[in-house]
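Structure, as structure tokens:
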Number of protein chains: 4
Amino acid sequence: MPRPPGHGPGYEVKRQEIIDQAAALFAKQGYAATGIAELGEVAGLAKGALYYYIGSKENLLVEIQDRVLGPLLTGARSIAALDEDPVLKLRLLSQALLDIILARLDHIWVYEHDYRHLTGSNRSRLLRQRREFEKIVRGLLVAAMDVGAFRRLDPRLAMLQFLNLHNHTYQWARADGPWDAAFLSREYCATLISGFCSDGYDVAGLEKRLAEYRERSSA
Amino acid sequence: MPRPPGHGPGYEVKRQEIIDQAAALFAKQGYAATGIAELGEVAGLAKGALYYYIGSKENLLVEIQDRVLGPLLTGARSIAALDEDPVLKLRLLSQALLDIILARLDHIWVYEHDYRHLTGSNRSRLLRQRREFEKIVRGLLVAAMDVGAFRRLDPRLAMLQFLNLHNHTYQWARADGPWDAAFLSREYCATLISGFCSDGYDVAGLEKRLAEYRERSSA
Amino acid sequence: MPRPPGHGPGYEVKRQEIIDQAAALFAKQGYAATGIAELGEVAGLAKGALYYYIGSKENLLVEIQDRVLGPLLTGARSIAALDEDPVLKLRLLSQALLDIILARLDHIWVYEHDYRHLTGSNRSRLLRQRREFEKIVRGLLVAAMDVGAFRRLDPRLAMLQFLNLHNHTYQWARADGPWDAAFLSREYCATLISGFCSDGYDVAGLEKRLAEYRERSSA
Amino acid sequence: MPRPPGHGPGYEVKRQEIIDQAAALFAKQGYAATGIAELGEVAGLAKGALYYYIGSKENLLVEIQDRVLGPLLTGARSIAALDEDPVLKLRLLSQALLDIILARLDHIWVYEHDYRHLTGSNRSRLLRQRREFEKIVRGLLVAAMDVGAFRRLDPRLAMLQFLNLHNHTYQWARADGPWDAAFLSREYCATLISGFCSDGYDVAGLEKRLAEYRERSSA
DNA sequence: CATGAATGAGAGTTCATTCAT
DNA sequence: CATGAATGAACTCTCATTCAT
């Protein structure tokens with residue numbers, strides 16, 4: 001993200017504001033259908049000044065993607081590194097993912113819909129990061145099989161089911177909807193784990209173990 | 001789709017070909033990013049001749065949506081009307097849905113991504129049809145609860161889980177992929193039904209009942 | 001008007017029908033705003049067949065102009081050649097002009113509005129004919145001055161007043177309007193001759209002399 | 001004519017220049033036959049920059065119509081409100097009308113020829129204003145009958161004669177022609193009033209009364 | 001820092017005309 | 001005689017981007 005050097009103190013603040021507003025507009029109307037002029041109106045800036053902050057329209061898209069993928073990967077990596085039961089880690093990852101989806105619905109909408117408008121290295125960087133996230137999910141699923149919690153499943157298909165169920169949520173979720181991330185994560189995981197687990201696995205026990213973990217880690 | 005009267009026998013054939021090609025391009029690049037000129041190149045027609053067939057760019061989008069929603073609703077309605085166990089009907093609906101998704105991956109991609117570019121009555125008609133489909137799914141889920149096969153779930157959340165799991169498939173499925181609709185439907189339904197069913201429900205028995213139904217109905 | 005040689009008997013009939021329909025459309029919507037396709041629809045012919053009859057769009061314009069200017073010049077020439085009082089001849093010319101205007105309102109509309117879309121020789125021919133008509137009017141006015149009926153006026157300005165008053169009629173006249181050509185001619189000429197005539201000229205007597213002339217010439 | 005906010009000082013100047021140039025082109029070639037590209041060439045601007053000023057092609061037409069109808073109605077209303085002899089007021093209105101016609105020949109040409117290309121509210125607004133002008137003329141003619149200056153005429157036909165004679169002037173007048181508005185108005189009114197007036201009305205006296213009025217009102 | 005003005009390519013669409021069948 | 005299909009240029013308009021001030 002090369003930025004022209006030498007900016008005043010308010011630069012980054014204003015810049016982040018503009019990205020917020022862009023995300024909202026892109027989510028509502030689509031990236032392609034949103035014009036720079038419209039962004040300027042919302043930001044209260046003329047086009048020239050806008051470009052001073054954003055560099056280019058595609059840059060905005062990159063920033064929005066990063067705002068999603070950055071926390072997502074950070075969260076996923078640290079969860080993967082925990083020394084805990086893989087099923088519990090899946091549950092944690094599920095909630096982290098839903099947290100981000102619900103907290104930044106507009107960003108997610110752009111992330112899911114308009115990543116195709118990225119070009120060149122922006123695009124390949126994005127795809128690499130997406131693959132890393134998928135790999136972490138798959139790794140946890142395989143670990144759950146290895147410890148005998150899950151049946152032997154096709155790891156890729158299991159991962160895709162996990163992602164299908166979570167990622168499609170942005171299509172219908174609303175900031176003021178009835179369900180929060182914790183609730184949705186519990187429901188989704190109940191469904192997935194019932195389907196994936198070995199005979200006799202104690203599905204209901206997971207939430208208790210989650211509560212224990214929370215207590216432990218906050219201590 | 002009113003067409004000016006008086007067209008030769010080859011007209012409709014060519015027209016359908018063009019819609020095929022448009023679906024492929026829209027799926028690959030997005031509706032907004034695909035130009036009429038590009039469509040013309042692929043179709044081997046100048047822009048003028050192209051318009052002779054398509055009427056407008058939005059018209060293409062409408063046709064593609066209809067190719068998805070038409071069969072989908074027809075299938076869903078006839079399945080809903082069957083006098084069978086609601087869980088079996090869900091399994092049938094799941095496969096019908098995946099059949100369409102996998103058979104017309106590019107159409108689905110456009111259907112899921114670019115419906116927002118529809119305007120006016122085209123848009124409202126689409127949304128109405130989508131709601132009808134969702135209502136059928138919800139109806140089957142509620143019926144499964146009523147007969148005691150499923151636990152008492154929030155019907156809307158159950159429907160959304162069903163749709164999340166199925167509809168997101170277009171994001172990664174490939175025409176030459178390893179899994180067909182029958183296989184995916186079995187896996188998805190296994191997951192969902194394990195999660196949704198009442199204690200003691202015979203999940204594994206579903207596939208046997210499906211085979212019996214197939215035999216019966218083909219007889 | 002070179003036409004491809006060798007036509008069947010119905011050719012000219014159909015051709016004239018098409019010109020009628022074209023005049024109606026051009027009058028209502030303007031020449032530029034009327035498409036060949038629209039003409040075809042009205043004529044019940046596909047575009048190819050239409051071109052067989054019309055040659056080109058501009059050709060239609062030429063034909064319409066001719067339908068106006070042909071009779072107009074023929075009438076004007078024969079009136080100018082009469083051995084009568086020039087004021088009476090002006091009265092006759094006025095009515096001939098209004099006859100044509102009211103009888104073919106749509107043609108006149110096109111004639112007055114769209115002659116600018118003519119190109120090349122079509123255009124110069126039209127302008128030549130228009131000038132000839134103006135010359136005839138001017139000649140009659142000068143003759144009326146020469147015999148002492150009219151004051152000495154600027155001949156060009158007198159002619160222009162004559163034409164202003166008559167030619168602008170197409171702007172508001174309606175086929176089903178309250179006034180016919182005879183009435184309008186009487187009114188217009190009353191106005192003009194009152195303004196143009198020498199002191200003591202018997203304006204009111206003109207209509208009587210007109211009636212006598214009519215009797216004479218029909219005998 | 002709502003313009004986006006925030007324009008520099010030169011904006012309106014340039015904008016008016018462009019409208020001038022557009023009026024000249026439209027008058028010469030017709031609105032429909034004049035392309036945006038051609039306007040840009042004349043203005044020395046690329047198409048994009050042109051649109052920055054004009055908004056749309058139809059907007060240009062609206063502006064040109066307003067430049068004619070604005071002064072025309074303002075003038076007509078203030079003349080109608082004068083406490084003077086109706087015949088004198090007709091004479092004043094005649095000259096005001098011809099002033100505008102001769103001062104902005106190209107605008108008038110567009111006004112008379114291309115108003116049909118206006119759509120929607122632009123069109124209805126124009127027609128409403130045209131009718132108001134006609135009503136003022138008719139009102140003055142009826143007033144002249146009421147005071148006994150004119151014979152009892154059909155008010156509508158008298159108005160139409162007035163308008164025919166004046167409005168058709170644009171068809172042949174030239175900016176560098178031999179006659180100015182004052183002269184033409186005197187001639188036209190002499191013709192009309194001779195035709196319309198009651199027996200014994202002092203036509204010749206009108207010009208004297210006009211001179212007196214001018215003296216009075218300039219004092 | 002911020003502006004308004006300009007660009008130029010490209011968008012979707014229309015249309016008079018041609019021609020093989 | 002008549003058709004439907006094809007062309008290609010022109011149409012109005014939009015938009016991301018740049019830059020002198």
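Residue numbers begin at 1 in each chain, while the letters A, B, ... track the order of the sequences.
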Spacing of C/Ile18 atom CD1 relative to F/dA2 atom P, expressed in whole Å: 9 Å
First of B/Glu58 and A/Leu50 reached from the 5' end of DNA chain E, by closest nucleotide: A/Leu50
Length of the line joining B/His7:NE2 and F/dT3:C1', which is rounded to integer Å: 12 Å
Matching residue for D/Ile54 among D/Ile19, D/Leu60, D/Leu45 - test: side chain to side chain contact (heavy atoms under 4.5 Å, CB included): D/Leu60
Rounded distance in Å - CG (C/Leu39) to C1' (E/dT17): 14 Å
Ring pair (Phe, Tyr, Trp, His ring centres under 6.0 Å) involving D/Tyr115 - partner list, sequence neighbours excluded: none
F/dC1 OP1/OP2 closer than 4.0 Å to side-chain N/O of C/Tyr53: no
Interatomic distance where CG belongs to B/Asn59 and P belongs to E/dG12 [whole Å]: 14 Å
A/Ile36 vs B/Ala46, nearer the 5' end of DNA chain F by closest nucleotide: B/Ala46
Protein-nucleotide distance (B/Lys57, atom NZ; F/dC13, atom C1'), rounded to Å: 15 Å
Distance, rounded to the nearest Å, where B/Leu61 contributes CG and E/dG12 contributes P: 12 Å
Closest-nucleotide ordering on DNA chain F, the 5'-leading residue of C/Leu45 and D/Gly48: C/Leu45
Short side-chain N/O contact from D/Tyr51 to OP1 or OP2 of F/dC13, under 4.0 Å: yes
Quiz item: cation-pi between A/Lys57 and A/Tyr31, 6.0 Å / 45°: yes
Whole-Å distance separating the CD atom of D/Glu41 from the P atom of E/dG8: 13 Å
Partner nucleotide, any strand, of F/dC15 [Watson-Crick/G-U, under 3.5 Å]: E/dG8
Side chain proximity check, D/Gln29 to C/Arg116, heavy atoms < 4.5 angstrom: no
Base E/dG10 to side chain D/Lys47, donor-acceptor N/O within 3.5 Å cut-off: yes
B/Lys14 with B/Glu17: basic N within carboxylate O range, under 4.0 Å: no
G-U wobble or Watson-Crick pairing nucleotide for F/dA10 (cut-off 3.5 Å, both distances): E/dT13
For F/dA20, the Watson-Crick or wobble counterpart (both distances under 3.5 Å): E/dT3
5' priority, DNA chain E, between C/Tyr31 and D/Lys14 [closest heavy atom]: D/Lys14
